[in-house]
Amino acid sequence: MSLIPSFFGSHRSNMSDPFSLEIWDPFKDFPFSSEPQFARETSALVNTRVDWKETPEAHVFKADLPGLNKEEVKVEVEDDRVLQISGERKVEKEEKKDTWHRVERSSGKFLRRFRLPENAKMDQIKAAMENGVLTVTVPKVEAKKPDVKTIEISS
């Protein structure tokens, strides 16, 4: 196995070779994998990255949604405590005179769902969008501190 990739010679197919030009496709043998629309929608779904962190005051979700504005994104909460973030990245219009060399940016519908814990204040959820990052803040119910009553000790 060569440690230097050959960009000019034959294409290698050794999957254990880190420089192999063959890429594993987990959907290769699925009957719907040849449909370009499915590939685009799956790509958009997979590429919607969401971070979820918990602070003492809230659950904070951050989603990378580059190129989208707030009108193209929907944030909903279902009755059974499920936060849903969805939207659609539109396909760029093709001009007949354009020659595309590579298309890597995903397009299509995306949907992410998260079951919120019992300590979420469902009626106080806020969402904001800035520089392609959606931030959803779900305040937490304050943990009730036990009432402590000091009892005087008699002698």
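Small disclaimer: the values here were computed from a predicted structure and weren't measured.
Tested against Val77 for a side chain to side chain contact (heavy atoms under 4.5 Å, CB included), the candidates Val82, Asp123, Ile125 yield a single pass: Ile125.
The side-chain heavy atoms of Pro117 and His59, taken from C-beta on, include a pair separated by under 4.5 Å. The side-chain heavy atoms of Thr48 and Asp64, taken from C-beta on, include no pair separated by under 4.5 Å. Gln84 is not listed as a side-chain neighbour of Arg112, based on a closest heavy-atom distance of 4.5 Å or more.
The pair Glu78-Arg113 counts as a salt bridge, with a side-chain nitrogen and a carboxylate oxygen less than 4.0 angstrom apart. Of the charged side-chain nitrogens involved, at least one lies within less than 4.0 Å of a carboxylate oxygen, so that Glu88 and Lys90 count as a salt-bridged pair.
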Return all side-chain donor-acceptor pairs below 3.5 angstrom for residues 126-140, not counting sequence neighbours, or 'none' if the list is empty.
from, atom 1, to, atom 2, distance (Å)
Lys140, NZ, Glu54, OE2, 2.7
Lys140, NZ, Thr55, O, 3.0

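Crowding of Glu142 atom CD: a count of heavy atoms from other residues, nucleotides or ligands under 6.0 Å not exceeding 12. For Lys74, the NZ atom counts as loosely surrounded, since its 6.0 Å shell holds 12 or fewer non-hydrogen atoms of other residues, nucleotides or ligands.
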Output, in order, the C-alpha distance, side-chain angles, deciding distance and verdict of side-chain contact (heavy atoms from CB on, under 4.5 Å) for Val75 and Leu83.
CA-CA 7 Å; Val75 177; Leu83 173 68; 3.8 Å; yes
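Using cut-offs of 30° and 60° on the angle between ring planes, the pair Phe114 and Phe61 is tilted.
Separating the CG atom in Asp79 from the CZ atom in Arg81 is a distance of 11.0 Å, to the nearest 0.5 Å.
The closest donor-acceptor contact from the side chain of Gln124 to the backbone of Lys121 lies at 3.5 Å or more, if one exists at all.
Connection of Trp52 to Met122 is established within a shared hydrophobic cluster, with ILVMFWY side chains joined at heavy-atom distances below 4.5 Å, either directly or through further cluster members.
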